Amino acid sequence: MEDRQAAGDLTLRLYELAAGLTDPDSDLDDRAEIEEELVAARRRELIPHLERHLATAVEAGNWYARHVLARILAETAGRTSLAALLRAYSCDLGDDQDSLSTRLHVFAKEDSAAAREILLPCAVGNDEGLRRAAIWLLGFVPEPADLDLLAHAAQDSDDGVRRAVVGTLGSHGTEPAAIDLLLNLLDDPSPQVRISTLSALGFLRQPRALPKIYLLANDDNPRVRAWVAIALGRFFALEPADPATSALLDQLAADDDPYVRDQATEARQRKPLRG
């Protein structure tokens, strides 16, 4: 009886907190006290209530309420909250979501098989934000079979999804099929996707990527050209430096755009990588 009463009291405290999170005049210390009380309680009876309040906060565009409620849910439900947290994360409310993204990839790694059962349907679903989030999180629990899914997602109409594809392809390392997909994404119509791809290829430093990277030295977008310099700087740091890479960096060091020139100059000054 007392246990049920305690759970009921905590439910009321949760409702009090949820109301306070929507009221800019509510007392910050009171909210923090309730938050810590609920985190410490870890009462599983609260999970459905937490999920509803979290969904309501996201729908209302309240990023701070999302942050607080997601923390309590994660502490209460552990990795079984991954699906609800992923849905909350998938909506862009303008904050950086660092703590939530960390919880997601930690939970995914704790039980990769269970996580993938959740992620794979989301990665091919109708919700763009959820596709983007699921593909991003698959990068922390990659499997070779994902490459077919990623090849399809690389054609997605949403450039945010395609950027997520780039990051997740990077988690497949130097797998030839993954490199092939990245090389194709250098032709993407979105400058940001091309930039993300250059970043990934620069990190992976596969020599066969150089000819396509060279082509973007004449890209119309100066930030893309700057990232060509940054990527080439990773190759230039290898020994021996490729003469064609040196020539391209010279070209970019004379670019009309000052940011491109700065990045090319910095790339030329990189010290060789060893080991």
Side-chain angles (χ1 to χ4, degrees), residues 89-92 94-98 100-102 104-105 108 119 122-124 128-142 146-237 245 248-249 252 255 257 259-260 262-264 266-267 270:
Y89 176 84
S90 70
C91 298
D92 183 3
D95 57 321
D96 58 30
Q97 298 203 80
D98 283 348
L100 182 50
S101 64
T102 298
L104 282 168
H105 72 69
L119 297 175
C122 294
V124 296
E128 287 182 352
L130 204 50
R131 288 203 306 278
R132 190 182 312 128
I135 289 169
W136 161 75
L137 195 51
L138 279 172
F140 294 93
V141 287
D146 296 342
L147 290 172
D148 287 340
L149 181 155
L150 294 172
H152 179 76
Q155 306 300 317
D156 199 281
S157 60
D158 179 66
D159 66 351
V161 171
R162 301 196 305 275
R163 288 199 305 273
V165 168
V166 172
T168 296
L169 284 171
S171 70
H172 288 264
T174 57
E175 168 66 34
I179 299 297
D180 289 342
L181 288 172
L182 286 170
L183 291 175
N184 290 338
L185 283 162
L186 286 177
D187 298 322
D188 194 276
S190 165
Q192 190 55 54
V193 174
R194 299 198 297 278
I195 288 170
S196 297
T197 306
L198 286 165
S199 176
L201 289 170
F203 178 78
L204 294 169
R205 299 197 303 274
Q206 291 296 289
R208 71 185 180 96
L210 283 170
K212 286 210 72 172
I213 293 175
Y214 293 158
L215 294 176
L216 292 186
N218 297 308
D219 195 277
D220 291 338
N221 188 295
R223 288 192 63 81
V224 173
R225 298 198 302 275
W227 271 93
V228 169
I230 294 168
L232 290 180
R234 297 288 298 180
F235 287 91
F236 189 72
T245 298
L248 260 292
L249 286 173
L252 293 167
D255 195 276
D257 187 275
Y259 181 64
V260 177
D262 289 347
Q263 295 307 314
E266 184 176 331
R270 293 197 66 161

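Keep in mind that this is a model prediction, so the values were computed, not measured.
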Check: Which atom pair, heavy atoms only, marks the closest approach of L249 to A267?
Finding: CD2-CB, 3.8 Å
Next item on the list: Give the intermediate values and the outcome of side-chain contact (heavy atoms from CB on, under 4.5 Å) for residues L119 and V141.
Entry: CA-CA 10 Å; L119 297 175; V141 287; 4.1 Å; yes
Check: Considering all heavy atoms of both residues, which atom of V165 and which atom of A153 are nearest to each other, and what is their separation?
Finding: CG2-CB, 3.5 Å
Notebook entry, point to check: Is the closest side-chain heavy-atom distance between L248 and L232 below 4.5 Å?
Noted result: yes
Check: Listed by chain and number, what are the ring pair (Phe, Tyr, Trp, His ring centres under 6.0 Å) partners of H152, not counting sequence neighbours?
Finding: none
Notebook entry, point to check: If you round to the nearest 0.5 Å, how far is CG of D159 from OG of S196?
Noted result: 9.5 Å
Margin query: Quick check for you: to the nearest 0.5 Å, what is the distance between R205 atom CZ and T174 atom OG1?
Written below: 11.5 Å
Check: Taking atom CD of Q206 and atom CD1 of I213, what is their separation to the nearest 0.5 Å?
Finding: 10.5 Å
Throw together a table of side-chain donor-acceptor distances under 3.5 angstrom for residues 176-191, partners on residues two or more places apart or in other chains.
from	atom 1	to	atom 2	distance (Å)
D180	OD1	R208	NH1	2.8
D180	OD1	R208	NH2	3.0
N184	ND2	D180	O	3.4
D187	OD1	K212	NZ	3.4
D187	OD2	K212	NZ	2.7
D188	OD1	R162	NE	3.4
D188	OD1	R162	NH2	2.9
D188	OD1	S190	N	2.8
D188	OD2	R162	NE	2.6
S190	OG	Q192	N	3.3
S190	OG	V193	N	3.4

Note to self: Once ring pair (Phe, Tyr, Trp, His ring centres under 6.0 Å) is applied, do any residues pair with W136, and if so which ones, sequence neighbours excluded?
What the structure shows: Y89, F140
Next item on the list: Can you see which heavy atom on S171 is nearest to which on G139, and at what distance?
Entry: CB-O, 3.1 Å
Margin query: So which atom in D220 and which in R225 form the shortest heavy-atom distance, rounded to 0.1 Å?
Written below: O-NH1, 3.5 Å
Note to self: A quick test of your reading: do over 12 heavy atoms of other residues, nucleotides or ligands sit less than 6.0 Å from CZ of F203?
What the structure shows: no
Checklist line | Student check: side-chain heavy atoms of L149 and V124 closer than 4.5 Å | finding: yes
Note to self: S90: which residues meet the side chain to side chain contact (heavy atoms under 4.5 Å, CB included) condition with it, sequence neighbours left out?
What the structure shows: L130, A133
Next item on the list: Just jot down the salt bridge (Lys or Arg N to Asp or Glu O under 4.0 Å) partners of R223, sequence neighbours excluded, or say none.
Entry: none
Note to self: Can you tell me how far apart CD (E266) and CD1 (I230) are? Round to the nearest 0.5 Å.
What the structure shows: 7.5 Å
Next item on the list: Enter the distance from R163:CZ to T168:OG1 here, rounded to the nearest 0.5 Å.
Entry: 13.0 Å
Item checked: Result of checking L216, V166, V224, D219 against I195 for side chain to side chain contact (heavy atoms under 4.5 Å, CB included) -> V224
Next item on the list: List in chain and number order the residues that pass side chain to side chain contact (heavy atoms under 4.5 Å, CB included) with E128, two or more places apart in sequence or in another chain; answer none if no residue qualifies.
Entry: R131, R132, S157, D158
Item checked: Heavy-atom check, side chain of Y214 versus side chain of V228, under 4.5 Å -> no
Check: Below 4.5 Å, heavy atoms only, C-beta onward: do L252 and Q263 meet side chain to side chain?
Finding: no
